[in-house]
Protein chains: 2
Amino acid sequence: MTEAEPLLAHKSNCVYCAARPLGVCGALGDGEAFRELRDSRRAVRILDAGMPIYRQGDPTGDLFNLVSGWVVQYQDLEDGRRQVLRFLVPGALFGYEPSGIKGMCHGADALTNASLCVVPAARMAELRARHVEFNERFVWMLERDSRLAFDHLTSLGQRDARERVAHLLLELAIRSTGRYPIEPGETFKIPLNQPLIAEATGLTSIHVNRMLRRLREDQILDFRNGRLTVINPELLVGVAGITDTLLTLWTRAGRAEVEVPCAQHA
Amino acid sequence: MTEAEPLLAHKSNCVYCAARPLGVCGALGDGEAFRELRDSRRAVRILDAGMPIYRQGDPTGDLFNLVSGWVVQYQDLEDGRRQVLRFLVPGALFGYEPSGIKGMCHGADALTNASLCVVPAARMAELRARHVEFNERFVWMLERDSRLAFDHLTSLGQRDARERVAHLLLELAIRSTGRYPIEPGETFKIPLNQPLIAEATGLTSIHVNRMLRRLREDQILDFRNGRLTVINPELLVGVAGITDTLLTLWTRAGRAEVEVPCAQHA
DNA sequence: CGATTGGTTGATTCTACTCAAGCCCGGTGG
DNA sequence: CCACCGGGCTTGAGTAGAATCAACCAATCG
């Protein structure tokens with residue numbers, strides 16, 4: 001929990017940030033505010049795969065910047081049903097809630113080994129007030145996340161099971177690498193299992209299994225053991241039903257104007 | 001489209017703002033920034049029920065503050081499927097997109113007769129930069145909308161048809177009045193029809209019809225002709241599966257800390 | 001080693017969709 | 001005046017997509 005811990009322990013999980021595992025990067029950019037933020041982080045947390053970061057109902061107060069690894073956010077109902085809200089890749093900022101509510105309305109778990117910086121919400125608000133550019137970056141991130149949530153709404157409401165699974169896997173492939181287009185046969189490491197895909201798509205894991213098999217038989221994609229092979233990118237894009245806007249938000253292209261990647265990755 | 005038009009034409013649709021139809025109110029508060037914003041609005045638009053405000057793909061650039069009436073935001077797929085993203089009540093600010101994308105990734109229609117203020121996005125950004133409190137209000141609104149979207153995700157992914165319909169109607173009843181709890185027999189004007197409920201819940205209008213009938217037969221609620229009667233509030237809350245956090249975000253309570261209602265409604 | 005988790009498949013059930021028809025009602029035009 | 005129309009609502013019958021129930025296998029882990 002302190003900087004004295006072996007912070008590089010999980011660096012192999014970090015796609016963008018291994019060179020700078022202590023930093024706050026990605027969505028938060030690289031300016032003066034970034035340096036202030038780095039200095040004002042309260043702690044660095046190193047997590048093993050599967051560990052909870054916070055639970056639904058926990059008191060609010062800290063924000064987290066994901067330095068390496070993947071995180072899943074979810075919401076539980078009283079009767080045990082669970083909906084995955086989104087998957088986070090390195091660079092994400094999460095854990096905020098609108099002020100005025102008592103506790104977190106969702107939970108977050110580390111999906112892989114992960115490391116993250118902890119920043120008190122009040123400190124973040126102060127930094128936003130002092131640095132206009134930093135504030136704009138934060139607002140941009142909120143607006144982008146709103147659009148991603150809209151896209152997921154459309155998926156859950158309108159697409160059938162096969163389309164939903166294809167859409168999710170394509171999204172994660174593109175978001176995790178920031179690249180597009182995809183070559184036939186290209187592979188991606190996506191640390192999900194079938195029950196998780198089910199919770200994200202509103203299906204049962206059994207049905208997800210059948211959809212994955214159909215997508216494999218149709219020569220569209222092959223997902224097994226956390227490894228996605230895109231057999232036919234054109235077909236996949238067609239089934240997933242993505243738009244140019246989505247591609248912009250999923251790839252680094254969308255961030256270019258507002259978000260400056262860590263120096264090492266520029 | 002100009003201030004010379006009869007701005008009070010639709011004032012009867014305005015729940016909170018009839019006394020001040022020219023103003024920018026609700027989510028945007030009442031401070032110095034509000035006065036500046038009011039003076040910097042570019043136009044006031046008066047719309048008849050059913051008219052489009054903007055369409056998917058239109059160029060970005062203007063934000064809208066809903067002064068009176070209801071608005072629906074939706075997303076269309078290539079093949080004609082449509083998902084309603086959310087319903088807006090007076091006071092809402094909408095029409096923003098993350099900077100860097102080419103066109104609106106969703107459309108918006110007036111659901112009832114409505115009036116709204118048009119503010120250029122650049123002007124809004126400038127105001128946010130100059131007025132910290134105003135900026136915080138805007139950020140709070142983005143964060144709240146993100147949580148409402150998460151709730152809808154959970155609904156579409158996990159709840160069955162009857163629960164989804166009940167959840168939506170309860171949300172709109174509470175958000176449109178800002179009050180809770182609800183008395184048995186209380187009625188609400190909710191300007192939706194069955195096809196719209198269907199597009200919002202990811203069901204067919206035929207199935208929505210059956211669910212409404214079941215909810216009526218179960219003595220939970222009665223919805224017809226845009227008029228909702230809550231027969232049994234406790235049962236409805238149970239079926240809809242709402243939480244305290246949601247209630248905070250739906251009622252004025254959640255806005256109290258950040259959002260100052262128009263002076264006339266304080 | 002048993003226990004557990006994830007993956008796979010088949011058989012069955014049920015939720016929600018599709019297709020089809022008829023109703024009510026306001027508007028329109030002969 | 002009435003015939004006609006269209007939109008929204010309602011209901012029934014048949015169907016399809018996804019859930020459920022029930023096995024079984026493989027890998028991992030105490």
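Reckoned from all heavy atoms, side chains included, excluding hydrogens, waters and symmetry mates. Here is how names work: the chains are called A, B, and so on, in the same order as the sequence lines, proteins then strands, and each is numbered from 1.
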Next item on the list: Round to the nearest Å and state the distance from A:Glu199 atom CD to D:dA19 atom P.
Entry: 13 Å

Margin query: With heavy-atom distances below 4.5 Å as the criterion, would you say the side chains of A:Trp250 and A:Ile242 are in contact?
Written below: yes

Margin query: Just verifying a value: how many Å separate B:Ile53 CD1 and B:Asp62 CG, rounded to the nearest 0.5 Å?
Written below: 12.0 Å

Item checked: Reported CD1-to-OH distance for the pair A:Ile174 and A:Tyr180, which is rounded to 0.5 angstrom -> 6.0 Å

Notebook entry, point to check: Would you call B:Asp76 and B:Arg55 a salt bridge, using N to O less than 4.0 angstrom?
Noted result: no

Note to self: Rounding to an integer number of Å, can you tell me how far A:Gln158 CD sits from D:dG17 C1'?
What the structure shows: 16 Å

Check: Would you say D:dT10 has OP1 or OP2 under 4.0 Å from some side-chain N or O of B:Gln194?
Finding: yes

Note to self: Go nucleotide by nucleotide along DNA chain C from the 5' end; which of A:Asn209 and B:His207 gets its closest nucleotide reached first?
What the structure shows: A:Asn209

Check: Stepwise, does the salt bridge (Lys or Arg N to Asp or Glu O under 4.0 Å) test hold for A:Asp222 with A:Arg227?
Finding: CA-CA 8 Å; A:Asp222 186 0; A:Arg227 185 157 205 82; over 6 Å; no

Checklist line | D:dA18 phosphate, OP1 or OP2, under 4.0 Å from A:Thr204 side-chain N/O | finding: no

Note to self: Without decimals, in angstroms, what is the distance between A:Glu163 CD and D:dG17 C1'?
What the structure shows: 13 Å

Item checked: Nearest-Å distance for atom pair CG/P, residues A:Asp160 and D:dT15 -> 21 Å

Check: Taking side chain as C-beta onward, heavy atoms only, is B:Asp109 less than 4.5 Å from B:Tyr74?
Finding: yes

Item checked: Leading and trailing nucleotides of DNA chain C with any atom under 4.0 Å from heavy atoms of chain B -> C:dA16 to C:dA20

Next item on the list: Rounded off to whole Å, could you give me the CG-to-C1' distance for the A:Asn225 and D:dT28 pair?
Entry: 13 Å

Next item on the list: Select base, sugar-phosphate, or nothing to describe what B:Gly202 touches, counting heavy atoms under 4.0 Å on all strands.
Entry: sugar-phosphate

Checklist line | Rounded distance (Å) that lies between atom P of D:dG8 and atom CZ of B:Phe223 | finding: 13 Å

Next item on the list: Keeping the roles fixed (side chain from A:Arg81, backbone from B:Gly157), state whether a donor-acceptor pair exists under 3.5 Å.
Entry: no

Checklist line | Phosphate contact (D:dT11 OP1 or OP2) by B:Arg213 side-chain N/O below 4.0 Å | finding: yes

Notebook entry, point to check: What is the nucleic acid contact for B:Ile206, judged by heavy atoms within less than 4.0 Å: base, sugar-phosphate only, or nothing?
Noted result: base

Notebook entry, point to check: If you look at every strand shown and take non-hydrogen atoms under 4.0 Å, does B:Arg210 touch a base, only sugar-phosphate, or nothing?
Noted result: base

